[in-house]
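Written out below as structure tokens is the structure these notes cover.
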There are 2 protein chains.
Amino acid sequence: MIDKNSPVPIYYQIEEAIKSQIINGVLQPGDALPSEREYTEQYNISRMTVRQAISNLVHAGYLYRQKGRGTFVSKQKIEKNLQGLTSFSEDMRARGMKPGNRLVGFEIIPAPSSIAAKLKIEEHTPIYEIKRIRLADEKPMAYERTYIPANLVKGLTEEHIKGSLYDYLEDTLHLVIESATHEIESALANEFEMKMLEVPENSSILLIKRQTFLQDGTPLEVVESSYRSDRYKFMTHMIRN
Amino acid sequence: MIDKNSPVPIYYQIEEAIKSQIINGVLQPGDALPSEREYTEQYNISRMTVRQAISNLVHAGYLYRQKGRGTFVSKQKIEKNLQGLTSFSEDMRARGMKPGNRLVGFEIIPAPSSIAAKLKIEEHTPIYEIKRIRLADEKPMAYERTYIPANLVKGLTEEHIKGSLYDYLEDTLHLVIESATHEIESALANEFEMKMLEVPENSSILLIKRQTFLQDGTPLEVVESSYRSDRYKFMTHMIRN
DNA sequence: ACTTAGAAGATGTCTAGACAAGTAATAGAT
DNA sequence: ATCTATTACTTGTCTAGACATCTTCTAAGT
């Protein structure tokens with residue numbers, strides 16, 4: 001079960017063992033876990049190591065702890081942050097749809113002041129402007145404008161955009177994408193959006209403005225998207241402080 | 001600086017000391033923190049205690065760690081999960097507005113099947129149905145229906161709802177509200193919503209469907225809200241896995 | 001000047017306790 | 001039967017190391 005000679009950290013092996021007991025129904029929602037001391041004795045490991053495994057599972061939402069009482073399996077089925085930050089393609093795939101793209105525009109432009117402020121660069125600094133119609137199952141889902149600092153993402157080409165931009169950023173450039181903020185509004189589709197999204201007059205759209213950040217907090221991109229309201233709803237998960 | 005005789009845990013005191021150095025500009029974004037060993041020596045505490053403080057700040061988004069290199073101040077200014085799960089009143093206050101309420105309806109009804117499924121109770125089980133116009137600075141912001149299992153929240157009265165429902169749940173009933181899911185859509189206001197929200201024909205609205213969960217994963221409430229799109233945008237923060 | 005190897009310094013993982021503070025169960029007294 | 005005190009058990013906090021693995025710097029060799 002726990003292999004002390006494995007390169008996989010012991011705490012991680014414990015995590016996976018507990019998680020699979022939960023997923024396989026051996027541990028039911030509301031069940032008490034064995035105590036930390038019991039794990040310590042069973043696996044002959046330090047209690048702090050057990051605590052690290054359990055803390056990670058508490059953080060992930062599988063377990064909750066109550067001082068003096070014990071540790072219990074959460075009734076809530078979703079893993080916290082499972083619905084995390086994804087690329088458009090990842091999002092569509094998660095919804096069982098086939099993602100696609102129609103590139104409308106791709107150029108380097110001087111950053112207008114509002115975008116520059118969000119990207120924390122000087123106005124007029126060169127940025128990539130990427131305009132796309134986002135498809136799901138071959139039909140328009142969203143119209144999207146993406147702005148990325150040119151000096152941060154060197155060598156970006158149309159080929160990268162046709163594939164997965166996030167794959168290029170993460171796998172080739174080794175950028176660590178950490179988080180994003182979203183502002184979500186409702187509006188009526190304008191003439192342009194009606195045409196791009198193929199929706200009739202007086203259609204409402206979901207406007208999503210997103211800012212993505214790297215691990216060290218550097219802003220990576222600003223994305224402004226107009227989604228068809230008949231085909232898309234935004235889903236998120238929030239934790240109370 | 002660090003008071004070992006204080007009831008406040010040492011790791012928490014370290015956290016607060018580092019946090020205030022960041023907030024006061026003593027530590028700048030991108031700056032390296034002193035090493036764990038340096039804190040250990042400076043405060044004459046265990047390195048594991050230092051690690052706990054730093055881990056909490058990493059988790060909160062103030063710092064990031066790189067193995068072999070050190071720990072650095074994040075450039076990103078917002079605290080992760082700062083924009084966490086709030087009540088309506090908390091949300092409005094955070095936006096600098098004065099929250100208010102017009103109670104439209106409050107009764108116990110048998111749970112319809114779709115609500116029962118979300119609350120994980122049997123159809124027809126008694127639930128509270130609370131209908132409110134949500135005000136901000138005395139003007140309508142949202143129309144909202146809330147559904148709460150009656151056996152989970154005993155003794156709920158109109159007085160509680162006129163005040164802060166979350167205060168009653170947390171402070172009086174000691175329920176630990178942990179998280180929520182949101183589904184956000186865009187739509188056109190119907191006749192009823194136009195009247196409640198005082199918006200003209202062909203106004204778009206932001207539809208937010210929320211499910212709130214307690215610490216142990218028990219569903220607490222289902223909330224369906226229609227927000228004025230001219231006065232409200234939804235803001236959230238997501239982390240990449 | 002450039003390259004390589006070793007040392008120094010950083011975080012990551014883990015040990016084996018100890019005491020603090022909360023909850024639950026049990027035993028004894030009324 | 002009920003109440004109170006004690007004991008047992010739980011998580012929370014902390015200690016004082018040790019070794020693993022990564023990065024960076026320095027010194028030596030070419």
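Not measured: the values here are computed from a predicted model. So that the names make sense, note that chain A is the first sequence line, chain B the second, and so on, each numbered from 1.
A salt bridge does not link B:E144 to B:K131: none of the charged nitrogens lies less than 4.0 Å from a carboxylate oxygen. Note on B:E224 versus B:K209: no salt bridge recorded, every NZ/NE/NH1/NH2 to OD/OE distance being 4.0 Å or above.
There is no side-chain donor-acceptor pair under 3.5 Å between B:Y39 and B:N44.
For the pair A:L63 CG and D:dT11 P, the computed distance is 11 Å after rounding to whole Å. Between B:E41 atom CD and D:dG17 atom C1' there is a gap of 13 Å when expressed in whole angstrom units. For the pair A:F72 CZ and D:dT10 P, the interatomic distance rounds to 11 Å; values are reported in whole Å.
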Legend entry - Audit row: B:E90, B:R93, salt bridge (Lys or Arg N to Asp or Glu O under 4.0 Å) steps and yes/no: CA-CA 5 Å; B:E90 287 162 347; B:R93 270 187 224 110; over 6 Å; no
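Contact check for B:V176 versus B:L214: no side-chain heavy atoms found under the 4.5 Å cut-off.
Between B:F234 and A:H182, the distance separating the two ring centers is not shorter than 6.0 angstrom.
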Inset, instruction - Any chance you could list the contact pattern along nucleotides 7-16 of chain C? Use B for base contacts, S for sugar-phosphate-only contacts and - for none, protein heavy atoms under 4.0 Å, 5' to 3'. - result: --BBBBBBBB
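Between the B:Y128 side chain and the B:F106 main chain, no donor and acceptor come within less than 3.5 Å of each other.
End-to-end axis angle of the helix from C:dA1-D:dT30 to C:dT30-D:dA1, from C1' rotation axes over five pairs per end: 0° (rounded to 10 degrees).
By the 30° and 60° cut-offs, the orientation of the rings of A:H59 relative to B:H59 is perpendicular.
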